[in-house]
Structures are given as structure tokens and as C-alpha cells.
**Student:** 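This is the structure, below, for whatever I ask next.
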Amino acid sequence: STGGPSGRSGHRMVAWKRQLVLFGGFHESTRDYIYYNDLYSFNLDTFTWSRLCPSGTGPTPRSGCQMSVTPQGSILVYGGYSKQRVKKDVDKGTQHSDMFLLKFEEGREGRWMWTRISPSGAKPTPRSGFSVAVAPNYQTLLFGGVCDEEEEERLEGDFLNDLYFYDAAKNRWFAGQLKGPRSERRRCRRGKKAEPEGADQQECEGAGAQELLEVVREVVADDGTVVTIKQVLAAPGPAARPPSPGEDSANEASSPAVGPSPRSNAMLAVKHGRLYLYGGMFEAGDRQVTLSDLYCLDLHKMEAWTALVEMDPETQEWLEETDSEEDSEEVEGAGGGDEDEEDEEDADGGGSGEDREERCHWGFSCVNLEWLQNSAYHPKGSNGSSR
């Protein structure tokens, strides 16, 4: 069909009545890149594309945004990522946190209108690579992502595993807070009855919640990359009376909660009120890590994540190591004349910006994950220019 969008990736598309509405995205070649904020509609009856030209001020060009249909029939666009060249061979990325509403203009059939909105409530921090699904009550939920801090060619990423809900009817964000296992909440209620008023109040104020202790350490990879690992653990509580036999199961529930580790680009799906989360990626230095774990969360109860398929560290490996060893053997056998050329390519960037952008959306590599679970990581010295 003619009249459609140009080739791109990182765009977003939703089904609206008998149409597919597509927004944004980017295209990157070996020499340049472009981000889009154009809008297209594909008619499911005639199988034809048409470009939409809404009135009002819409989002700036971007990729990887949130796009969903509200219960009122409007289309919501939130966040996203874009980059621009600030000087030769140096790009600056922007993680957008603005929100726009796309809807029909009243009384003008076929005409669309952009409106910028400012939701209230507990808003997500700026990020890219987050995942989106629609909850049973038609709220839009957002999970995880990564917050990048860029200084010219140095990039540090703070990967996230938090959960937010957006209520379009109230135009308000809500933080997704888990209540904790029911047995833990019962233990807290029993403790309140048995102990004097005010005793252990902090322990039971947030049912199922524990005081968290942040542990930071550095790990040096085989290639010399220094990775700062920020791990959140349950802090040891004050000394208490020995538990009675009936409290054993409740004390087990107070162990650190199971849940997906910080990541970006995970896939979400909602079925019968349950949120399913699979996979995603994480960066360690210049390498990207894929995940294959599967979690489930009951959105009606909001008690705790359930691990359906856990990561098996035995099956993970550095794919690049095998490739690089083979490549090095071939280079040594053929002579060292090509090494200088390869070094020059690495010094010039070697298209790393394009590779990083594309891998963020589609392809990743694997790495040993023994120290990944329940941790947030901060790679140092990454030379990628964009996400």
C-alpha cells in the first residue's frame, strides 16, 4: 500500500476502532539517523495507509514511547527517547517524560487533535526501555526501564524494576506497591494484638515490607570492564523473642521478596487479571545481557510476584568471548596487518551508536547471570552514544 510510513524501528502502534494508528520511531544508517513524530493510520477495511495531520502541538520526534488507548477512546503517548548531534561524532540522548493525548476534534469528523496533559500523583522517573500493558480496570501499567546519564561518550545506566499505573479517567499516576504475602500480614496483626501498644510498630506498618539495606560493590570483568553492582537486601532486624512453632511459616514469608530484577525491554501481557513478565535485557559495560525468566503478579491482590520460570545461570554464557577468540586466532594466522585497521575503527566508534540503538530494540547477547538477580547495576566507561 502506498502513502504509508517510511521504514523504521522503535515506533509504536495501537488498534483504534477499525484502524491501526502508528506514531514515531527512528531510522539509523551508517552515517546518520533520524527520529520521527509523524502519525499514520491503516484502514482495516480498505487495507490502505493515510497520513494524519492533527491540530495542536504534539510530541517531538522520538522512539520507544508508551502508546495506549484510553477507556474514553483517546490515544495516549508518554515518554520515549531521542538523540541529537551536539558536535562531530558526539550525540546527546534525551529521555522524555511528557504526556500527550490524541483524540478526535468534536464536530469535525476525521480530524485529530493533540493535547499536552500534566498528570498528578506519583509519576515515574524519566526513563527509556520501559514496558507497557493495560490492566483489567483499563489503567495503563508501566514496568522497569533504564535511566541513562550521559556525558559526551560516557554512559551510565540505572536499570529499574518498579511498577506504575496511570488512570486516564483521573489523569493521575499511582505507584504499584505490593502488600506482601497474606501470612506476613496476619503475623503483623497478631503481633499488634500481643505486644503493648506502639511496640514493633515500625515492623508492621508496611505489611510484608522490610527495611532495605543497599550494598554497593565493584566487579571487574575479564575484559577489564568495571561494573558497579548496587544490590538491595533485607536488613537484619533487631533481636526478638524466639518464634513459636506456629510462626515458622510466617517468618519464612519475611524473607526477601521474589520479583523480577531491574531490566529494560521486558515483555508484558495481562490475562484474567494476572500480569505476566518475560525476559528483557541489562547492560554490563559494553555488553548486553538477555534474560529468560518469567514472573506473574495478581493485579487484583497485588501481594507478591511469583517466579514461574527462574533464570538458570548454567545456561548463560558470553557469546562474544567465543567469537572474539576465534577471530583473534584467524587474525594471528593471517598476520597482524589488519589489527591496526581494526584499532582505528574502534577508536573512531565503529558504528557503536547504531549498534547500541538497534540492540536496545531487538537483539541482545548473553552473559553469566549468577550475580544479576535482585540487583541494580551501573556500568562504568560505556562508550555507547545512545540507547
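Remember, it's a predicted structure, so these values are computed and weren't measured experimentally. Throughout, numbering of the chain's residues begins at 1 and tracks the sequence.
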**Student:** Would you say the side-chain atoms of Ser261 and Arg263 include a donor-acceptor pair closer than 3.5 Å?
**Tutor:** yes

**Student:** Counting neighbours of NZ on Lys123 that are heavy atoms of other residues, nucleotides or ligands and sit closer than 6.0 Å, is the number greater than 12?
**Tutor:** yes

**Student:** So, for Leu291 and Met281, which heavy atoms are closest and what is the spacing to 0.1 Å?
**Tutor:** CD1-N, 4.5 Å

**Student:** May I have the step-by-step check of side-chain contact (heavy atoms from CB on, under 4.5 Å) for Val14 and Leu20, ending in yes or no?
**Tutor:** CA-CA 6 Å; Val14 296; Leu20 303 177; over 6 Å; no

**Student:** If I take atom OG from residue Ser120 and atom CZ from residue Arg172, how far apart are they, to the nearest 0.5 angstrom?
**Tutor:**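 Answer rounded to 0.5 Å: 4.5 Å.
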
**Student:** Do we see a donor-acceptor contact under 3.5 Å between the side chains of Ser63 and His11?
**Tutor:** no

**Student:** Does the pair Val21 and Val69 meet the rule for a side-chain contact (heavy atoms from CB on, under 4.5 Å), with working shown?
**Tutor:** CA-CA 10 Å; Val21 180; Val69 179; over 6 Å; no

**Student:** Tell me the closest heavy-atom pair linking Ser131 and Ala266, and the distance in Å.
**Tutor:**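 For Ser131 and Ala266, the tightest heavy-atom pair comes out as OG-O, 2.6 Å.
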
**Student:** Less than 6.0 Å separating the ring centroids of Phe26 and Tyr35?
**Tutor:**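 So the answer is yes for these two rings.
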
**Student:** Does some side-chain heavy atom of Val132 sit less than 4.5 Å from a side-chain heavy atom of Leu141?
**Tutor:** no

**Student:** Do Pro124 and Tyr166 come close enough that some side-chain heavy atom pair is under 4.5 Å?
**Tutor:** no

**Student:** Looking only at atom types and distance, does a side-chain atom of Asn37 sit under 3.5 Å from a main-chain N or O of Pro59, one as donor and one as acceptor?
**Tutor:** yes

**Student:** Could you list all the ring pair (Phe, Tyr, Trp, His ring centres under 6.0 Å) pairs where at least one residue sits in residues 51-76, not counting sequence neighbours?
**Tutor:**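 Matches after skipping sequence neighbours: none remain.
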
**Student:** Work out which heavy atom in Pro260 is nearest to a heavy atom in Asn161; give both atom names and the distance.
**Tutor:** O-ND2, 3.0 Å

**Student:** Among residues at least two apart in sequence or on other chains, which ones pass salt bridge (Lys or Arg N to Asp or Glu O under 4.0 Å) with Asp167?
**Tutor:** none

**Student:** How long is the gap from CZ on Phe282 to CZ on Phe159, to the nearest 0.5 Å?
**Tutor:** 5.5 Å

**Student:** Within a reach of under 6.0 Å around CD of Gln177, are more than 12 heavy atoms found that belong to other residues, nucleotides or ligands?
**Tutor:** no

**Student:** To the nearest 0.5 Å, what is the distance between OG (Ser68) and OH (Tyr138)?
**Tutor:** 13.5 Å

**Student:** What residues, two or more places apart in sequence or in another chain, satisfy salt bridge (Lys or Arg N to Asp or Glu O under 4.0 Å) together with Asp45?
**Tutor:** Arg18

**Student:** Please say yes or no: joined through hydrophobic side-chain contacts below 4.5 Å, possibly via intermediate residues, are Leu268 and Val134 part of one cluster?
**Tutor:**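 In one cluster with Leu268: Val134, no.
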
**Student:** Supply the members, apart from Tyr276, of the Ile/Leu/Val/Met/Phe/Trp/Tyr cluster built from side-chain contacts under 4.5 Å; use none for a lone residue.
**Tutor:** Tyr278, Leu294, Leu308, Val309

**Student:** Considering only heavy atoms from C-beta outward, does the side chain of Pro119 approach that of Met99 to under 4.5 Å?
**Tutor:** yes

**Student:** Below 4.5 Å, heavy atoms only, C-beta onward: do Ile75 and Met67 meet side chain to side chain?
**Tutor:**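 Touching, per the 4.5 Å side-chain cut-off.
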
**Student:** For Arg274, check side-chain hydrogen bond (donor to acceptor under 3.5 Å, both in side chains) against everything at least two apart and list the hits.
**Tutor:**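 Not a single residue meets the side-chain hydrogen bond (donor to acceptor under 3.5 Å, both in side chains) criterion with Arg274.
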
**Student:** Taking side-chain hydrogen bond (donor to acceptor under 3.5 Å, both in side chains) as the test, write out the residues that go with Gln19, two or more places apart.
**Tutor:** Ser41

**Student:** Identify, with sequence neighbours excluded, every residue that meets side-chain hydrogen bond (donor to acceptor under 3.5 Å, both in side chains) alongside Asp162.
**Tutor:** Arg127

**Student:** Let me confirm one number: the CD-OG distance from Glu310 to Ser292, rounded to the nearest 0.5 Å.
**Tutor:** 11.0 Å

**Student:** Is there a side-chain contact between Leu275 and Cys296 (heavy atoms, below 4.5 Å)?
**Tutor:** no

**Student:** Enumerate the residue pairs fulfilling salt bridge (Lys or Arg N to Asp or Glu O under 4.0 Å) with a member in residues 48-58, sequence neighbours excluded, ordered by first and then second residue.
**Tutor:**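 Qualifying pairs, neighbours excluded: none.
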
**Student:** So which pairs with a foot in residues 52-71 pass salt bridge (Lys or Arg N to Asp or Glu O under 4.0 Å), sequence neighbours left out?
**Tutor:** Arg62-Asp98

**Student:** Please report the closest heavy-atom contact between Ser128 and Tyr81, naming both atoms and the distance.
**Tutor:** CB-CB, 4.0 Å

**Student:** Side chains of Ser82 and Thr94: is there a donor and an acceptor less than 3.5 Å apart?
**Tutor:** no

**Student:** With a cut-off of 6.0 Å (strictly less than), are more than 12 heavy atoms of other residues, nucleotides or ligands near CE of Met13?
**Tutor:** no

**Student:** Apply side-chain contact (heavy atoms from CB on, under 4.5 Å) to residues Leu142 and Gln66 and explain how you reach the verdict.
**Tutor:** CA-CA 9 Å; Leu142 178 151; Gln66 166 189 323; 3.7 Å; yes

**Student:** Which atoms form the tightest heavy-atom contact between Ala304 and Leu297, and what is the distance?
**Tutor:** O-CD1, 3.5 Å

**Student:** Less than 4.5 Å apart, side chain to side chain, heavy atoms only: is that true for Ile117 and Asn171?
**Tutor:**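 SC-SC contact between Ile117 and Asn171 confirmed.
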
**Student:** Are any of the side-chain nitrogens in Glu28 or Lys83 under 4.0 Å away from the carboxylate oxygens of its partner?
**Tutor:**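 A salt bridge is present here (some side-chain N lies under 4.0 Å from a carboxylate O).
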
**Student:** Heavy atoms only: give me the nearest Tyr164-Ala175 pair and the separation to one decimal.
**Tutor:** CD2-CA, 3.9 Å

**Student:** Who pairs with Tyr78 by side-chain hydrogen bond (donor to acceptor under 3.5 Å, both in side chains), at least two apart in sequence or on another chain?
**Tutor:** none

**Student:** Output the distance between atom CG (Leu22) and atom OH (Tyr40), rounded to the nearest 0.5 Å.
**Tutor:**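 Taking CG in Leu22 and OH in Tyr40, the distance rounds to 9.0 Å.
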
**Student:** What about Val77 and Leu102, same hydrophobic cluster or not, with Ile/Leu/Val/Met/Phe/Trp/Tyr joined at side-chain heavy-atom distances under 4.5 Å?
**Tutor:** yes

**Student:** Hydrophobic cluster mates of Ile34, side-chain heavy atoms under 4.5 angstrom, ILVMFWY only, any path?
**Tutor:** Tyr36

**Student:** Can any side-chain N or O of Arg116 pair as donor or acceptor with the backbone N or O of Phe100 at less than 3.5 Å?
**Tutor:**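 The answer is no, because no donor-acceptor pair under 3.5 Å joins these two groups.
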
**Student:** Quick one, Leu178 with Trp305, criterion side-chain contact (heavy atoms from CB on, under 4.5 Å). Give me CA distance, side-chain angles, the key distance, then yes/no.
**Tutor:** CA-CA 9 Å; Leu178 303 185; Trp305 287 96; 3.7 Å; yes

**Student:** Below 4.5 Å, heavy atoms only, C-beta onward: do Thr48 and Thr2 meet side chain to side chain?
**Tutor:**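 SC-SC contact between Thr48 and Thr2 ruled out.
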
**Student:** If only atom types and distance count, is the side chain of Arg8 paired as donor or acceptor with the main-chain N or O of Gly24 below 3.5 Å?
**Tutor:**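 Checked: pair present.
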
**Student:** Evaluate the side-chain proximity of Thr57 to Trp114: yes if any heavy-atom separation is below 4.5 Å, no if none is.
**Tutor:**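 No, every pair of side-chain atoms sits at 4.5 Å or beyond.
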
**Student:** Answer with yes or no whether the hydrophobic clustering places Trp112 together with Leu101; edges join I, L, V, M, F, W, Y residues whose side-chain heavy atoms lie under 4.5 Å apart.
**Tutor:**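 Different clusters: Trp112 never reaches Leu101 through Ile, Leu, Val, Met, Phe, Trp or Tyr contacts under 4.5 Å.
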
**Student:** How many angstroms lie between atom CE of Met302 and atom NE2 of His300, to the nearest 0.5 angstrom?
**Tutor:**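 Rounded to the nearest 0.5 Å, the CE-NE2 separation comes to 11.5 Å.
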
**Student:** What residues form a salt bridge (Lys or Arg N to Asp or Glu O under 4.0 Å) with Arg85, not counting sequence neighbours?
**Tutor:**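 With sequence neighbours excluded, Arg85 shows a salt bridge (Lys or Arg N to Asp or Glu O under 4.0 Å) to Asp91, given in chain and number order.
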
**Student:** Give the ring-plane orientation class for Trp16 versus Phe104, where under 30° counts as parallel, over 60° as perpendicular and anything between as tilted.
**Tutor:**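 Geometry flag for Phe104 against Trp16: tilted rings.
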
